[in-house]
Amino acid sequence: MSGPYTIRGSVSLPEAELMWSFSRSSGPGGQHVNTSDTQVELRFDLARTEALPPVWKERALERLAGRLVDGVVTVRASEHRSQWRNREAAAVRLASLLAEATAPPPRPRRATRIPRGINERRLREKKQRSETKRGRSGRDWS
C-alpha cells in the first residue's frame with residue numbers, strides 16, 4: 001500500500017480500521033486467474049469509526065444509507081491482474097466515495113428575476129417559429 005489515503009484536508013483513512021478480504025477474480029489473467037486470490041473486497045465500518053469528524057460521519061451515514069450493511073461500506077476491485085494493484089484501486093475508490101459523501105451540501109440557489117430582455121427574446125423567437133410553421137400549411141394553395 002502506498003500510505004494513508006486522504007479523504008479531504010488532514011482527514012485520512014486509518015489503516016487499522018480497514019478490513020480486507022481476497023477471493024478469486026473472474027477478470028483477465030488466463031490460467032493465473034484460477035490459482036490466485038486477486039479480487040479485493042475492502043470494508044470500512046463507517047458507523048463505528050472515530051477517524052471522521054462527527055458532522056462528516058453523520059453526513060456520510062445519511063448519504064450512503066443505501067450502500068451500508070450494518071453501518072459498513074464495502075468496495076470491490078478486480079480490474080487488475082495483481083492483488084496489490086486491486087488493493088490500491090479499492091482504497092482509492094473508498095477514499096473518493098467518502099470524500100464525496102462527506103462534502104458539504106451545495107449553497108442554496110438565490111432566486112433572481114428573469115431579465116425582461118430574455119423573456120422578450122423568447123417570445124419573439126416563439127412567434128417567429130409559429131409563423132414558419134403556419135406558412136407550411138397548404139390552406140392558400142388553391
Side-chain angles (χ1 to χ4, degrees), residues 1-139 141:
M1 295 278 297
S2 64
Y5 291 94
T6 305
I7 296 174
R8 198 169 56 253
S10 62
V11 179
S12 60
L13 288 173
E15 190 67 39
E17 294 185 19
L18 300 179
M19 298 167 278
W20 300 92
S21 62
F22 309 99
S23 60
R24 294 201 175 132
S25 178
S26 62
Q31 293 174 345
H32 167 76
V33 81
N34 300 326
T35 59
S36 58
D37 294 337
T38 56
Q39 178 173 303
V40 174
E41 187 176 275
L42 174 58
R43 291 185 308 280
F44 180 68
D45 196 344
L46 188 57
R48 292 189 184 92
T49 188
E50 296 298 322
L52 297 177
V55 175
W56 288 19
K57 185 173 164 181
E58 187 179 312
R59 203 180 288 155
L61 285 169
E62 183 181 318
R63 290 183 183 168
L64 296 175
R67 284 192 68 147
L68 298 177
V69 177
D70 296 329
V72 178
V73 65
T74 305
V75 175
R76 267 201 191 103
S78 63
E79 57 266 11
H80 301 290
R81 285 183 62 173
S82 78
Q83 186 186 97
W84 184 82
R85 287 180 67 193
N86 282 332
R87 283 177 67 123
E88 289 286 315
V92 167
R93 202 174 296 155
L94 177 64
S96 68
L97 179 72
L98 288 175
E100 191 177 315
T102 59
R107 286 177 137 174
R109 182 187 174 277
R110 226 175 60 200
T112 57
R113 274 186 57 240
I114 297 172
R116 194 173 71 200
I118 289 178
N119 209 21
E120 287 175 356
R121 182 177 43 193
R122 180 182 64 84
L123 293 173
R124 190 172 50 248
E125 287 171 358
K126 196 171 174 181
K127 190 177 264 324
Q128 189 176 1
R129 185 80 179 143
S130 168
E131 290 297 322
T132 303
K133 288 189 170 192
R134 202 155 48 106
R136 291 180 187 155
S137 68
R139 283 186 296 189
W141 288 11

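Just so it is clear, the structure is predicted and the values come from calculations on it, not from any experiment.
Nearest heavy-atom pair, Arg129 versus Arg136, reported as atom, atom and distance to 0.1 Å: NH1-NH2, 4.2 Å. Of all the heavy atoms in Met19 and Asp45, the pair that sits closest is CE-N, 3.9 Å. Annotation for Ala95 and Thr6: closest pair CB-O, 4.1 Å, computed over non-hydrogen atoms. Taking all atoms of both residues into account, the shortest heavy-atom contact from Glu17 to Ala51 is OE2-N, 4.3 Å.
Although no hydrogens or angles enter the test, the distance criterion places a donor-acceptor pair under 3.5 Å between the side chain of Arg59 and the main chain of Thr102. Between the side chain of Ser137 and the main chain of Arg134, a donor-acceptor pair closer than 3.5 Å is present. Counting only distance, with no hydrogens or angles, the side chain of Asn86 and the backbone of Val40 share no donor-acceptor pair below 3.5 Å. Within the 3.5 Å criterion, the main-chain N or O of Gln128 finds a donor-acceptor partner in the side chain of Thr132. The closest donor-acceptor contact from the side chain of Arg63 to the backbone of Ala103 lies under 3.5 Å.
Residue-environment remark: CZ (Arg76) stays at or below the threshold of 12 foreign heavy atoms within 6.0 Å. Annotation for Glu50: atom CD does not count as buried by contact number, only 12 or fewer foreign heavy atoms lying within 6.0 Å. In this structure, Leu123 places its CG atom where more than 12 heavy-atom neighbours from other residues, nucleotides or ligands lie under 6.0 Å away. Atom CD of Glu100 has 12 or fewer heavy atoms from other residues, nucleotides or ligands within 6.0 Å.
Ala89 meets the side chain to side chain contact (heavy atoms under 4.5 Å, CB included) test with Ala77, Glu79, His80, Arg93; sequence neighbours excluded. For Arg8, there are no salt bridge (Lys or Arg N to Asp or Glu O under 4.0 Å) partners two or more places apart in sequence or in a different chain.
From Leu97, atom CG reaches atom CG of Leu64 across 5.0 Å, with rounding to the nearest 0.5 Å. Separating the CG atom in Leu52 from the CD1 atom in Ile7 is a distance of 5.0 Å, to the nearest 0.5 Å. Taken from CG in Leu46 to CZ in Arg67, the straight-line distance is 11.0 Å, to the nearest 0.5 Å. The CG atom of Leu61 sits 14.5 Å away from atom CH2 of Trp56, with the distance rounded to the nearest 0.5 Å. The distance from the CZ atom of Arg87 to the CG atom of Leu42 is 8.5 Å, given to the nearest 0.5 Å. Here the CD atom belonging to Glu41 is positioned 11.0 Å from the CH2 atom belonging to Trp20, to the nearest 0.5 angstrom.
Checked by atom type, the side-chain pair Arg116/Asn119 shows no donor-acceptor distance below 3.5 Å.
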